[in-house]
Number of protein chains: 2
Amino acid sequence: MKPFTKINNSEELGQYILKERKKLKLTQKEISEFTDVGRKFVLELEKGKTTAQIGKIFEVLNGLGLELHLIKRGES
Amino acid sequence: MKPFTKINNSEELGQYILKERKKLKLTQKEISEFTDVGRKFVLELEKGKTTAQIGKIFEVLNGLGLELHLIKRGES
DNA sequence: CATTAAAGTTTCCGATCGGGGACTTTTTGT
DNA sequence: ACAAAAAGTCCCCGATCGGAAACTTTAATG
């Protein structure tokens, strides 16, 4: 039930996205269909690819109903 | 004093990073020196480049003492 | 089991990343 | 106003992105 999840790197980002996609019972293909990203991108993003591009990541986050927040270290 | 700042796209990400860098009185060059990114990258990131790579973005966020958090829409 | 979908892998390829360095423009400080 | 620093632009180039499509492996369902 913890609402905020701190993400430290691409690895964790991918894992969180995967987990969330499963919760929503979506396939990688479905995400790639209602967002402007390819199937391979979703696949690689979930695997923690460090070179995934931020614009496409925002597309996926939006599609999954996830918000990105920034917090100054120490204030969380 | 709001601790959490919602970032909706690359544009906002760049603006926030710029603002934070100024607060810390750092130059783009300095950031590129103590992180593994080039000057040009910091420049373009702040300008909202949508193709900036996530791994390098994490480097900059770490360098600036910023944490990335994900929140489910509606729970913030 | 058998069948089908999903996930993961591989190849091809045009487009673009990001670093380095040189240069120009803008900002800063005295 | 002037000098210096910072920011922004430009070019070169090796490396890699991400889409598409075909294929293999894994998982799910009857």
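The sequence lines fix the lettering, A, B, ..., with proteins before strands; numbering per chain opens at 1.
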Indicate every side-chain donor-acceptor pair of residues 32-42 of chain B with a distance under 3.5 Å to a residue at least two apart or in another chain.
unit_1: B/Ser32; atom_1: OG; unit_2: B/Lys29; atom_2: O; d: 2.7
unit_1: B/Glu33; atom_1: OE2; unit_2: B/Lys29; atom_2: NZ; d: 3.2
unit_1: B/Thr35; atom_1: OG1; unit_2: B/Ile31; atom_2: O; d: 2.7

Nearest heavy atoms of A/Gly48 and A/Ser10, plus distance in Å: O-CB, 3.2 Å
Check the side chains of A/Gln28 and A/Glu46 for a donor-acceptor pair under 3.5 angstrom, ignoring hydrogens and angles. yes
Determine whether B/Ile54 and A/Thr51 make a side-chain contact, defined as any pair of heavy atoms from C-beta on separated by less than 4.5 Å. no
Quick one: does A/Ile7's side chain get under 4.5 Å of B/Phe58's, heavy atoms only? yes
Measuring from A/His69:NE2 to B/Lys6:NZ, what's the distance to the nearest 0.5 Å? 6.0 Å
For residues 27-39 of chain B, which residues have at least one heavy atom under 4.0 Å from DNA chain D? B/Thr27, B/Gln28, B/Arg39
List for me each residue that meets salt bridge (charged side-chain N to carboxylate O under 4.0 Å, His left out) alongside A/Lys49, sequence neighbours excluded, and say none if there are none. A/Glu44
Give, ordered by number, those residues of residues 7-23 of chain B having at least one heavy-atom distance below 4.0 Å to an atom of DNA chain D; if nothing qualifies, reply none. B/Arg21, B/Lys22
Keeping A/Glu75 on the side-chain end and A/Lys72 on the backbone end, is there a donor-acceptor pair under 3.5 Å? no
Treat primed atoms plus P, OP1 and OP2 as sugar-phosphate and everything else as base, then score nucleotides 24-30 of chain D 5' to 3': B for base contact with protein heavy atoms under 4.0 Å, S for sugar-phosphate contact only, - for none. -------
So does A/Glu11 pair up with A/Lys47, basic N to acidic O under 4.0 Å? no
Where do A/Ile57 and A/Leu13 land on the side chain to side chain contact (heavy atoms under 4.5 Å, CB included) test, with the steps shown first? CA-CA 10 Å; A/Ile57 291 177; A/Leu13 177 61; 4.1 Å; yes
Step by step, work out the side chain to side chain contact (heavy atoms under 4.5 Å, CB included) result for A/Tyr16 and A/Leu66. CA-CA 10 Å; A/Tyr16 190 83; A/Leu66 295 174; 3.9 Å; yes
Looking at residues 40-60 of chain B, who's got a heavy atom less than 4.0 Å off DNA chain C? B/Lys40, B/Phe41, B/Lys49, B/Thr51, B/Ala52, B/Gln53, B/Lys56
Mind checking whether B/Leu64 and B/Asn62 have side chains closer than 4.5 Å, heavy atoms only? no
